[in-house]
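Before any comments, here is the structure.
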Amino acid sequence: MKNAPLKSIAAEPETYRLEEQVGYILRQASQRHAAIFAARIPGDLTATQFAALAKLAELGPCSQNHLGRMTSMDGATIKGVTDRLVQRGYIEARLDPEDSRRRVLVLTPLGTEAAQSAIPAAFAITEETLEPLSPSERAEFLALLKKLR
């Protein structure tokens with residue numbers, strides 16, 4: 001029996017189906033999560049504003065640069081986010097007691113209250129986002145996403 005000739009991959013290009021591509025699927029999942037977030041987060045916070053408040057609540061006072069790194073926001077984004085949070089009265093920029101050339105961001109009492117009320121909602125948002133998955137699928141999904149960072 002003769003060996004069948006090998007088919008050239010170039011001769012039969014694979015059909016590109018957008019809906020099967022990772023970026024498309026991730027965008028759909030992200031849009032679903034964003035809709036859940038917007039519907040459930042208290043205080044009319046954006047996702048980036050919530051991230052900044054939650055991280056400040058966790059870390060305590062820190063520089064804008066450090067907060068940006070800890071929330072995976074670039075310099076321009078974290079500046080815009082913190083400027084809006086200052087305008088809303090959620091954070092203050094103060095002189096660093098250890099280096100008067102630097103400023104640190106600090107939660108105000110209003111910001112602490114906003115973070116404390118939003119964090120339980122954020123847990124519920126995560127639950128709702130992952131609701132279609134079983135507990136073991138959730139763990140695997142999150143582990144796989146972390147490998148893509």
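None of these values were measured; they are calculated from a predicted model. Sequence positions, counted from 1, serve as the residue numbers for this chain.
- Two residues are said to be in side-chain contact when any heavy atoms from C-beta on lie closer than 4.5 Å; Val81 and Thr71 fail this criterion.
- In this structure Asp44 satisfies the side-chain hydrogen bond (donor to acceptor under 3.5 Å, both in side chains) test with no other residue, sequence neighbours excluded.
- Under the side-chain hydrogen bond (donor to acceptor under 3.5 Å, both in side chains) criterion, Thr77 pairs with Asp74, sequence neighbours left out.
- Val104 shares a hydrophobic cluster with Val106; the chain of contacts runs through ILVMFWY side chains whose heavy atoms sit under 4.5 Å apart.
- More than 12 non-hydrogen atoms from other residues, nucleotides or ligands lie less than 6.0 angstrom from CD of Glu19.
- Contacts classified as salt bridge (Lys or Arg N to Asp or Glu O under 4.0 Å) and involving residues 111-120 (residues at least two apart or in different chains) are not found.
- Residues passing the side-chain hydrogen bond (donor to acceptor under 3.5 Å, both in side chains) test with Glu127, sequence neighbours excluded: Arg138.
- Heavy-atom neighbours of Glu140 CD from other residues, nucleotides or ligands within 6.0 Å: at or below the threshold of 12.
- Judged as a salt bridge (Lys or Arg N to Asp or Glu O under 4.0 Å), and not counting sequence neighbours, Arg27 has no contacts.
- Summarising the local packing, OH of Tyr16 is surrounded by more than 12 heavy atoms from other residues, nucleotides or ligands at distances under 6.0 Å.
- In this view, Arg94 and Glu92 satisfy the salt bridge (Lys or Arg N to Asp or Glu O under 4.0 Å) rule, not counting sequence neighbours.
- Note that OG of Ser72 is 8.5 Å distant from CE of Met70, once rounded to the nearest 0.5 Å.
- Under the 4.5 Å side-chain heavy-atom criterion for grouping Ile, Leu, Val, Met, Phe, Trp and Tyr, Ile36 is not connected to Leu133 through any hydrophobic cluster.
- Remark: of the listed residues Leu110, Thr112, Val86, Val86 is the sole one forming a side-chain contact (heavy atoms from CB on, under 4.5 Å) with Ile91.
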Indicate every side-chain donor-acceptor pair of residues 46-56 with a distance under 3.5 Å to a residue at least two apart or in another chain.
| unit_1 | atom_1 | unit_2 | atom_2 | d |
| --- | --- | --- | --- | --- |
| Thr46 | OG1 | Thr48 | OG1 | 3.2 |
| Thr46 | OG1 | Gln49 | N | 3.0 |
| Gln49 | OE1 | Thr46 | N | 3.1 |
| Gln49 | OE1 | Arg88 | NH1 | 3.2 |
| Lys55 | NZ | Glu58 | OE1 | 2.9 |
| Lys55 | NZ | Glu58 | OE2 | 3.4 |

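- Atom OG1 of Thr108 sits about 8.5 Å away from atom OH of Tyr90, to the nearest 0.5 Å.
- Rounded to the nearest 0.5 angstrom, Gln64 CD and Arg69 CZ are separated by 11.5 Å.
- Legend: residues meeting side-chain contact (heavy atoms from CB on, under 4.5 Å) with Ala93, ordered by chain and number and at least two apart, are Arg103, Leu105.
- Applying the side-chain hydrogen bond (donor to acceptor under 3.5 Å, both in side chains) rule to Arg102 yields the partners Asp96; only residues at least two apart in sequence or on another chain are considered.
- Between Tyr24 and Leu18, the shortest heavy-atom contact is CB-O, 3.3 Å.
- By the salt bridge (Lys or Arg N to Asp or Glu O under 4.0 Å) test, Arg149 pairs with no residue at all, sequence neighbours left out.
- Listed by chain and number, the residues in a salt bridge (Lys or Arg N to Asp or Glu O under 4.0 Å) with Arg40 are Glu128 (sequence neighbours excluded).
- One hydrophobic cluster, built from ILVMFWY side chains closer than 4.5 Å, holds both Phe37 and Phe123.
- The minimum heavy-atom distance between Pro42 and Ser117, with the atom names listed, is CG-O, 3.6 Å.
- Residues Leu45 and Ala118 approach most closely at CD1-CB, 4.1 Å, considering heavy atoms.
- At least one donor-acceptor pair under 3.5 Å links the side chain of Thr82 to the backbone N or O of Ile78.
- Atom CE of residue Met73 and atom CG of residue Leu67 lie 6.5 Å apart, to the nearest 0.5 angstrom.
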